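Single-structure report; data block below.
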Number of protein chains: 2
Amino acid sequence: MGFQDVKKISIRDVAALAGVSVGSASRVLNNAPNVTEDVRVKVERAVSVLQYRPNHAAQSLRSQTSKTIGCLFSDVSNPLYARAFRALEGCFRPDGYMLLLSNGLNDPEREIEILRTFQLRGMDGVIIAPGNERHAEVLDAVNRLSMPVVIYDRDMAVDCDAILLDHFNGVKTAVKHLISLGHQRIGIALWHGHSRPVRRRLAGYKAAFRELGLDVPNLIMQEATSTSSVFEDMMQTLRSDEPPTAMIVQGTYTLISALRAISRMGLRVPADISVIALGDTEFAQTYDPPLTALRTPIEQIAQKARLLLLERINGRRGNDDADHIGTAPTKELIPYEFIVRESCAPPGGAG
Amino acid sequence: MGFQDVKKISIRDVAALAGVSVGSASRVLNNAPNVTEDVRVKVERAVSVLQYRPNHAAQSLRSQTSKTIGCLFSDVSNPLYARAFRALEGCFRPDGYMLLLSNGLNDPEREIEILRTFQLRGMDGVIIAPGNERHAEVLDAVNRLSMPVVIYDRDMAVDCDAILLDHFNGVKTAVKHLISLGHQRIGIALWHGHSRPVRRRLAGYKAAFRELGLDVPNLIMQEATSTSSVFEDMMQTLRSDEPPTAMIVQGTYTLISALRAISRMGLRVPADISVIALGDTEFAQTYDPPLTALRTPIEQIAQKARLLLLERINGRRGNDDADHIGTAPTKELIPYEFIVRESCAPPGGAG
DNA sequence: GTGAAAGCGCTAACAA
DNA sequence: TTGTTAGCGCTTTCAC
């Protein structure tokens, strides 16, 4: 097997081989300023000869820091969170942090248990987007956490830093773009539920019409639970007396279903109907025609999360060791990028 | 903030409050057999009064076990791995294990670095599917690992347990199913590259024809890098003199592109062309018509991985502490489930 | 059955 | 600058 007994090498062995004390060895390993070149070289040689690697558990125990960030998302199978995780991993890796990922699966009990585990395992920081943003016990569990927390795109009544997507202005921009092209009957397809993204998107949708003194059309589709119903809903809407001339559609699978219905009805994009995707995916980019989309700047979000967390971890904005109280929580509102491609045109089949 | 100084409660505090020794407290916490009911009650009360939680780093250091499993996948953004991770998390949670997830991103250097980190952090076990299954240094890094390893669907020349999907027989079954319906011109769309899944699928595809004494049709599509080309390739193939009457298609996005091309050409499924999906997704299930598919039994795979790892971790099949040599590596071949839906019919537009 | 004590491997405070 | 040493919080002998 690949795991026969590899005799454990400790810092004592390194010190012994280098002919110095463990203290000196430790100093070299931690890049302490006060070490002679001579000692540094000897220790480094010993390290490479012995293939020494410091024991992480011991470091954690001693330094009270795990160099680990806990992530609680509802489900990584959602490409949205998968990409967020990937971006976060990329941001934290250079600092030596690893990410512990847990799926809450929208089960509050499970979410609470995960948060407890994060606490237990001494995560240095935590990034969460629980499915249950208003569940009292979940809020409580978050409040109990003793490490810095960043909330990702959830409206939670807790005193934590948060990174929030500006769904409101994003969708408003999209609607106004369509209106400026001459559309009036603009529909929107959203997920079920009342999560922050859905609430804010709906609000932005309505605001766009109101600000222009227009009536909000009765073209809001909120899917039940399965994606199959989106197809049906969409077919029905397209067959109605006053079908939409443009659609704003959320999510990958919802989008696919909607486009399938459009295609099935013999309609062409954008000649017969314009489409804007909420969330920019490979699918949206490579569709024929490429879809105008609202892009989540995920790299920027990850960078921001890293900054927020590391500042608190390193005490620059206050933590539990500081003698001053921590800085008040920051709420970062991140704008979407509106990417114009070829899926929108004036209504009326002019194309 | 949510992280003011919560005075650290240690096992000493618990022992003190309970009026027993730390040893006794530890025994209660670890459900040791030899403790009187009296002591047990006193300790448990103290634990709940103090809200005591054991320090994970200290436990790790002392017991030389981290209760953590490392996962190295090429990219969680691939729904395939996202679902694998979710299933694995579900399997290991009841045993108190958490999962550390890292994306190798097909970069060997990165993969090696991740494996090293897993070693450093004392993962109790590791589940890996590196993008570079034949990269010498990656193999080397795997061999150096001192904990049990499970390889997921990769052909790697290392002495580790492995869980392999039976792509060969899966695809062969699919092809023969189509042949039995009367198809001859059966195409297959695969990813680029030479990873095990692609190799085995291709082999199964060819074997199906050969076993029946038929020629292998020249209808193998391997996409370049982007999904857009799949659409083009598919369009071209469908326009050729001898277009396929049936297609076996890998992956979600490849599948979407292929179906879009089919739709664009005015062909209907299954009347004009039959389709089988390699991998069963929500998309395949809810498409109209629902697609016949080869399903990866991911729950079963996760259970198997858990079993393989825990057996070695707990020394039942040998580990580094055992005085006998570990049991030889197991290679588990997991069959696909062939799920017949409505996307296949005899050729000839009979539908 | 229980308590005392020895570390797990490391960092950091203190002495030299 | 360097060595010595005291723990970080826990588990686990080993006496009793």
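So you know, we letter chains A, B, ... as the sequences are listed, proteins then strands, and number each from 1. Small disclaimer: the values here were computed from a predicted structure and weren't measured.
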From CD (A:Gln300) to CD (A:Glu332), nearest 0.5 Å
9.0 Å
Separation of C:dT2 P from B:Leu29 CG (nearest whole Å)
14 Å
Does D:dT11 have OP1 or OP2 under 4.0 Å away from a side-chain N or O of B:Gln64?
no
State which residues pass side chain to side chain donor-acceptor pair (under 3.5 Å) with A:Tyr81; sequence neighbours excluded, sorted by chain then number.
A:Arg154
By the 4.0 Å heavy-atom rule, please label A:Val22 as base, sugar-phosphate, or nothing.
base
Under 4.0 Å between a side-chain N/O of B:Ser21 and OP1 or OP2 of C:dG3, yes or no?
yes
Roughly how far apart are A:Arg306 CZ and A:Gln303 CD, rounded to 0.5 Å?
6.0 Å
Just verifying a value: how many Å separate B:Arg312 CZ and B:Met147 CE, rounded to the nearest 0.5 Å?
14.0 Å
The helix from C:dG1-D:dC16 to C:dA16-D:dT1: angle between its terminal axes, five pairs each, to 10°?
40°
Can you confirm whether the side chains of A:Asp38 and A:Thr36 place a donor and an acceptor under 3.5 Å from each other?
no
Measure the distance from CZ on B:Arg62 to P on C:dA6 and round it to the nearest whole Å.
12 Å
When the distance from CG of A:Asn34 to P of C:dA13 is rounded to whole Å, what number comes out?
12 Å
Which of these nucleotides, D:dG7, D:dT11, D:dG9, is closest to any side-chain atom of B:Asn30?
D:dT11
Using a cut-off of strictly less than 4.0 Å, decide whether A:Ser26 has a side-chain nitrogen or oxygen near OP1 or OP2 of C:dT11.
yes
Check the distance between D:dT11's P and B:His56's NE2 and give it to me in whole angstrom.
11 Å
B:Asn103 and A:Phe85, any side-chain heavy atoms less than 4.5 Å apart:
yes
Length of the CD-P vector between B:Glu37 and C:dG1, whole Å
13 Å
Spacing of B:Leu50 atom CG relative to D:dG9 atom P, expressed in whole Å:
14 Å
Test side-chain contact (heavy atoms from CB on, under 4.5 Å) applied to A:Glu89 and B:Val76, step by step:
CA-CA 11 Å; A:Glu89 199 201 355; B:Val76 249; over 6 Å; no
Less than 3.5 Å between a donor and an acceptor, one on the side chain of B:Arg27 and one on the base of C:dG3, is that the case here?
yes
Tell me: CG of B:Leu61 to C1' of D:dT12, nearest whole Å?
13 Å
Closest to the A:Ser24 side chain, choosing from D:dC10, C:dT11, D:dG3
D:dG3
May I have the distance from A:Asn55 (atom CG) to D:dG9 (atom P), rounded to whole angstrom?
17 Å
Please tell me if B:Gln59 has a side-chain N or O lying less than 4.0 Å from either OP1 or OP2 of D:dG9.
no
